[in-house]
> 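Mind looking over this structure? Questions follow.
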Amino acid sequence: EQVLKELPQKEEKYVYCEMEESQRKLYEQLLVSIKNEISQKPSRYIIKNNAVILQGLLYLREACSDPQLLPPTLRSGILHASCKFELFKDYASRIVQESGKLIIYSQFPRTLNRLKSWCTQQGWRTFLIEGSTRNRQEIIEDFEQSKNGVFLISLKAGGIGLNLISCQYIIIYEPWWNSAAEQQAADRIYRIGQKNPVFVYHFLVKDTIEQKIYELQTKKSSLAMNVLSGLDLPKIGRASCRERV
């Protein structure tokens, strides 16, 4: 922000959606079940099983992103609606109609494939990069040269090494524990060469673990800013260091 003065405006927005009854009931059942399992673990003088906690957090995040990601036994084989998927369809339709191009980041490959399938049904050209993708550069160049299209990218696979300045709009489908990873994703289009305003939409499900993750991100960012804001730059420059050596 201090060095690249020529970059256009960037606007970030956190967009909340609310679960319908079926999805909310599934989520609450999972939450109670996970809490019960953790509480049953012996805690005195014994380290709790971190795998149980991490697996529980993953299930809750999957229930927010798309209940169909959960094992069939956890959702009783029922097809639950996804409020976030409905939100995506609304935003994607308006963005593609307005600008022609959209980038979506998600952590779950199955979510990316579901979104890709829906986008294809709309007649839109789609591009996909995930962990198993080998011809990354070819796909990137194809998207950059295309006048329209929807680019679906795995957050881990696409956090670095991408230059996508032909697009103005990004949807970050789920929050990530490390906000820097989300920032890196947004910076794939907000970089030297970008001539148009950039819009980044973070999708969050209200009153769930996703909102807790966002609150944690905010606290960590505030803490970092408070710590670093009072620091001065080193008084000895590189040239002086070399002279002393």
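No hydrogens, no waters, no symmetry mates; every other heavy atom, side chains included, goes into these values. Starting from 1, each residue takes its place in the sequence as its number.
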> For Leu60 versus Leu30, what's the shortest heavy-atom pair and its separation?
CD2-CB, 4.0 Å
> Under 6.0 Å from the six-membered ring centre of Tyr91 and within 45° of its axis: does the NZ or CZ of Arg94 meet both?
yes
> Could you tell me the separation between the NE2 atom of His202 and the OH atom of Tyr105, rounded to the nearest 0.5 Å?
12.0 Å
> In the structure I gave you, are the side-chain heavy atoms of Cys119 and Phe88 within less than 4.5 Å of one another anywhere?
yes
> Run the salt bridge (Lys or Arg N to Asp or Glu O under 4.0 Å) test on Glu12 and Lys10 for me, step by step, so that the C-alpha distance in whole Å, both residues' side-chain angles and the decisive distance to 0.1 Å come before the verdict.
CA-CA 7 Å; Glu12 296 201 46; Lys10 179 173 72 169; 3.6 Å; yes
> Applying the 4.5 Å side-chain criterion to the ILVMFWY set and letting contacts propagate, would Leu57 and Leu70 be lumped into a single cluster?
yes
> Same hydrophobic cluster for Ile103 and Leu155, using side-chain heavy-atom links shorter than 4.5 Å among ILVMFWY?
yes
> Treat each ILVMFWY residue as a node, draw an edge where side-chain heavy atoms are under 4.5 Å apart, and state whether Ile140 and Tyr190 are in one component.
yes
> Does Val150 reach the side chain of Val96, with side-chain heavy atoms less than 4.5 Å apart?
yes
> Taking atom CG of Asp207 and atom SG of Cys64, what is their separation to the nearest 0.5 Å?
10.5 Å
> Heavy atoms, side chains only, cut-off 4.5 Å: are Phe108 and Asp66 in contact?
no
> Find the distance between CG (Asn163) and CD (Glu141) and round it off to the nearest 0.5 Å.
10.5 Å
> Should Glu215 and Lys219 count as an ion pair when the cut-off is N to O under 4.0 Å?
no
> With a 3.5 Å distance limit and no angle check, can you tell me whether Glu210 reaches the backbone of Glu174 through a side-chain donor-acceptor pair?
no
> If you look only at distance, which donor and acceptor atoms sit under 3.5 Å apart when one is on a side chain in residues 165-173 and the other is two or more places apart or in another chain?
{"unit_1": "Ser166", "atom_1": "OG", "unit_2": "Lys101", "atom_2": "NZ", "d": "2.7"}
{"unit_1": "Ser166", "atom_1": "OG", "unit_2": "Glu144", "atom_2": "OE2", "d": "2.6"}
{"unit_1": "Gln168", "atom_1": "NE2", "unit_2": "Pro197", "atom_2": "O", "d": "2.9"}
{"unit_1": "Tyr169", "atom_1": "OH", "unit_2": "Glu98", "atom_2": "OE2", "d": "3.0"}
{"unit_1": "Tyr173", "atom_1": "OH", "unit_2": "Phe85", "atom_2": "N", "d": "3.3"}

> Tell me the closest heavy-atom pair linking Ser93 and Trp118, and the distance in Å.
OG-CH2, 3.6 Å
> Is the backbone N or O of Glu62 less than 3.5 Å from a side-chain atom of Ser65, with the two atoms forming a donor-acceptor pair by type?
no
> Backbone N or O of Asn113 within a donor-acceptor pair of the Ser117 side chain at under 3.5 Å?
no
> For Gln23 and Ser82, does a side-chain donor sit closer than 3.5 Å to a side-chain acceptor?
no
> Please indicate whether Gln121 has more than 12 foreign heavy atoms, meaning atoms of other residues, nucleotides or ligands, lying under 6.0 Å from its CD.
yes
> Look at the side chain of Arg188 and the backbone N and O of Leu162, then say whether any donor-acceptor pair between them is shorter than 3.5 Å.
yes
> If you round to the nearest 0.5 Å, how far is CD of Gln68 from OG1 of Thr111?
10.5 Å
> Taking the side chain as everything from C-beta on, heavy atoms only, tell me whether Lys206 gets closer than 4.5 Å to Met19.
no
> To the nearest 0.5 Å, what is the distance between CH2 on Trp176 and OG on Ser106?
10.5 Å
> Check Ile189 against Gln194 and note the closest heavy-atom contact, atom names and distance.
O-NE2, 2.9 Å
> Are side-chain heavy atoms of Glu11 and Val200 found at a separation under 4.5 Å?
no
> For the CD atom of Gln97 and the CG atom of Asn148, what is their distance to the nearest 0.5 Å?
13.0 Å
> If we ignore hydrogens and angles and just use 3.5 Å, is the side chain of Ser99 paired with the main-chain N or O of Ile95 as donor and acceptor?
yes
> Using ring pair (Phe, Tyr, Trp, His ring centres under 6.0 Å) as the criterion, point out the one residue from Tyr214, Phe203, Tyr201 that pairs with Tyr14.
Tyr214
> Please set out all donor-acceptor pairs under 3.5 angstrom arising from side-chain atoms of residues 124-132, sequence neighbours excluded.
{"unit_1": "Arg125", "atom_1": "NH2", "unit_2": "Asp142", "atom_2": "OD1", "d": "3.1"}
{"unit_1": "Arg125", "atom_1": "NH2", "unit_2": "Asp142", "atom_2": "OD2", "d": "2.7"}

> Report the residue from Ile104, Ile139, Leu102 that forms a side chain to side chain contact (heavy atoms under 4.5 Å, CB included) with Phe151.
Ile139
> Quick one: do Leu87 and Ile213 end up in the same hydrophobic cluster if we chain Ile, Leu, Val, Met, Phe, Trp and Tyr together by side-chain heavy atoms under 4.5 Å apart?
no
> So if you build clusters from Ile, Leu, Val, Met, Phe, Trp, Tyr with side-chain heavy-atom gaps below 4.5 Å, do Ile209 and Leu204 land together?
no
> Given the rule in the side-chain contact (heavy atoms from CB on, under 4.5 Å) test, do Leu164 and Ile153 qualify, once you have shown the distances and angles that lead to the verdict?
CA-CA 12 Å; Leu164 302 168; Ile153 306 174; 3.9 Å; yes
> Is the number of heavy atoms from other residues, nucleotides or ligands within 6.0 Å of CD (Glu20) greater than 12?
no
> Do the charged groups of Glu86 and Lys89 touch, with an N to O distance under 4.0 Å?
yes
> Give a yes or no on whether the backbone of Leu69 and the side-chain of Arg110 come within a donor-acceptor separation of less than 3.5 Å.
yes
